[in-house]
K.L.:
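Let me give you the structure first, and then I'll get to my questions.
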Amino acid sequence: MSDRAIALAPTHQGALVLRANALAGLQNLGDAIEQINEAIDLEPEMAELYSNLGSLRARSGQLADAESAFLRALEVDPKSDEAHAALGN
């Protein structure tokens, strides 16, 4: 389904996030991270995308990069509950 969504709207961040979530569910974290990065390129002011990136990076053991992503989420949206929770503050 996500491949079809991307085929129909290849520059839609929602389709990229859908595909990233599917890839993450299959434990294909590297490709999921790539999809989220593409979504960020399209919507760089969307804090949720940086939180998603942080979660994926944390799951793949990239802890410093995960922290950077969560901090960027807070720069975009200082009230991001997801980023605050992930950073423990």
Side-chain angles (χ1 to χ4, degrees):
M1 179 166 164
S2 62
D3 289 335
R4 182 169 180 204
I6 289 172
L8 293 173
T11 60
H12 189 274
Q13 64 81 19
L16 294 167
V17 171
L18 180 64
R19 186 165 191 211
N21 290 338
L23 289 165
L26 296 170
Q27 301 304 312
N28 189 343
L29 300 178
D31 287 342
I33 289 170
E34 285 181 31
Q35 295 297 300
I36 292 296
N37 279 324
E38 286 185 39
I40 288 170
D41 288 343
L42 296 172
E43 297 282 344
E45 296 303 315
M46 192 170 180
E48 180 182 343
L49 296 175
Y50 294 101
S51 291
N52 288 348
L53 179 60
S55 295
L56 290 169
R57 285 181 170 170
R59 284 178 58 190
S60 67
Q62 303 170 22
L63 301 182
D65 290 335
E67 181 180 29
S68 295
F70 289 122
L71 290 171
R72 178 66 181 127
L74 290 176
E75 288 174 14
V76 172
D77 178 8
K79 295 181 181 181
S80 170
D81 291 333
E82 192 173 346
H84 279 291
L87 293 169
N89 53 7

K.L.:
Just how far is it from atom CD of Glu48 to atom CD of Glu43, taken to the nearest 0.5 Å?
P.N.:
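Rounded to the nearest 0.5 Å, the CD-CD separation comes to 11.0 Å.
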K.L.:
Are Leu29 and Leu18 connected in a single hydrophobic cluster, I mean Ile/Leu/Val/Met/Phe/Trp/Tyr linked by side-chain heavy atoms less than 4.5 Å apart?
P.N.:
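Different hydrophobic clusters.
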K.L.:
Quick one, Ile36 and Val17 - any side-chain contact, counting heavy atoms below 4.5 Å?
P.N.:
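Of all side-chain heavy-atom pairs linking Val17 with Ile36, at least one is under 4.5 Å.
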K.L.:
Is any side-chain heavy atom of Phe70 closer than 4.5 Å to a side-chain heavy atom of Ser55?
P.N.:
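Yes, side chains in contact.
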K.L.:
Of all the heavy-atom pairs spanning Gln13 and Leu42, show the shortest one and how long it is.
P.N.:
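It is N-CD1, 4.0 Å.
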K.L.:
Report the C-alpha distance between Leu23 and Arg19 in whole Å, list the side-chain angles of each, state the deciding distance to 0.1 Å, and finish with yes or no for side chain to side chain contact (heavy atoms under 4.5 Å, CB included).
P.N.:
CA-CA 6 Å; Leu23 289 165; Arg19 186 165 191 211; 4.0 Å; yes
K.L.:
Between Ala24 and Ala32, what is the shortest heavy-atom contact and its length?
P.N.:
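In terms of heavy atoms, the two residues are closest at N-CB, 3.9 Å.
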K.L.:
Would Glu34 and Arg57 pass as an ion pair if we require N to O under 4.0 Å?
P.N.:
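Salt bridge: no.
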K.L.:
Nearest 0.5 Å please: distance from the CG atom of Asn52 over to the CD atom of Glu82.
P.N.:
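Separation between the atoms: 6.0 Å.
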K.L.:
For Gln35 versus Ala20, what's the shortest heavy-atom pair and its separation?
P.N.:
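Heavy-atom minimum between the residues: CB-CB, 3.7 Å.
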K.L.:
Please report the closest heavy-atom contact between Ala39 and Leu16, naming both atoms and the distance.
P.N.:
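Of all heavy-atom pairs spanning Ala39 and Leu16, the closest is N-CD1, 3.7 Å.
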K.L.:
Rounded to the nearest 0.5 Å, what separates atom CG in Leu26 from atom CG in Asp31?
P.N.:
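Between Leu26 CG and Asp31 CG, I get 10.0 Å after rounding to 0.5 Å.
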K.L.:
Search all heavy atoms of Pro44 against all heavy atoms of Val76 and return the closest pair with its distance.
P.N.:
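It is O-CG2, 4.1 Å.
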K.L.:
Any chance you could measure Gln27, atom CD, to Ser60, atom OG, to the nearest 0.5 Å?
P.N.:
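Going from CD on Gln27 over to OG on Ser60, the span is 10.5 Å.
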K.L.:
With clusters defined by side-chain heavy atoms of hydrophobic residues (ILVMFWY) lying less than 4.5 Å apart, directly or transitively, does Tyr50 cluster with Ile33?
P.N.:
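Both belong to a single hydrophobic cluster.
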K.L.:
Quick check for you: to the nearest 0.5 Å, what is the distance between Met46 atom CE and Ser80 atom OG?
P.N.:
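Met46 atom CE to Ser80 atom OG measures 11.0 Å (nearest 0.5 Å).
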K.L.:
Work out which heavy atom in Lys79 is nearest to a heavy atom in His84; give both atom names and the distance.
P.N.:
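For Lys79 and His84, the tightest heavy-atom pair comes out as C-CD2, 4.2 Å.
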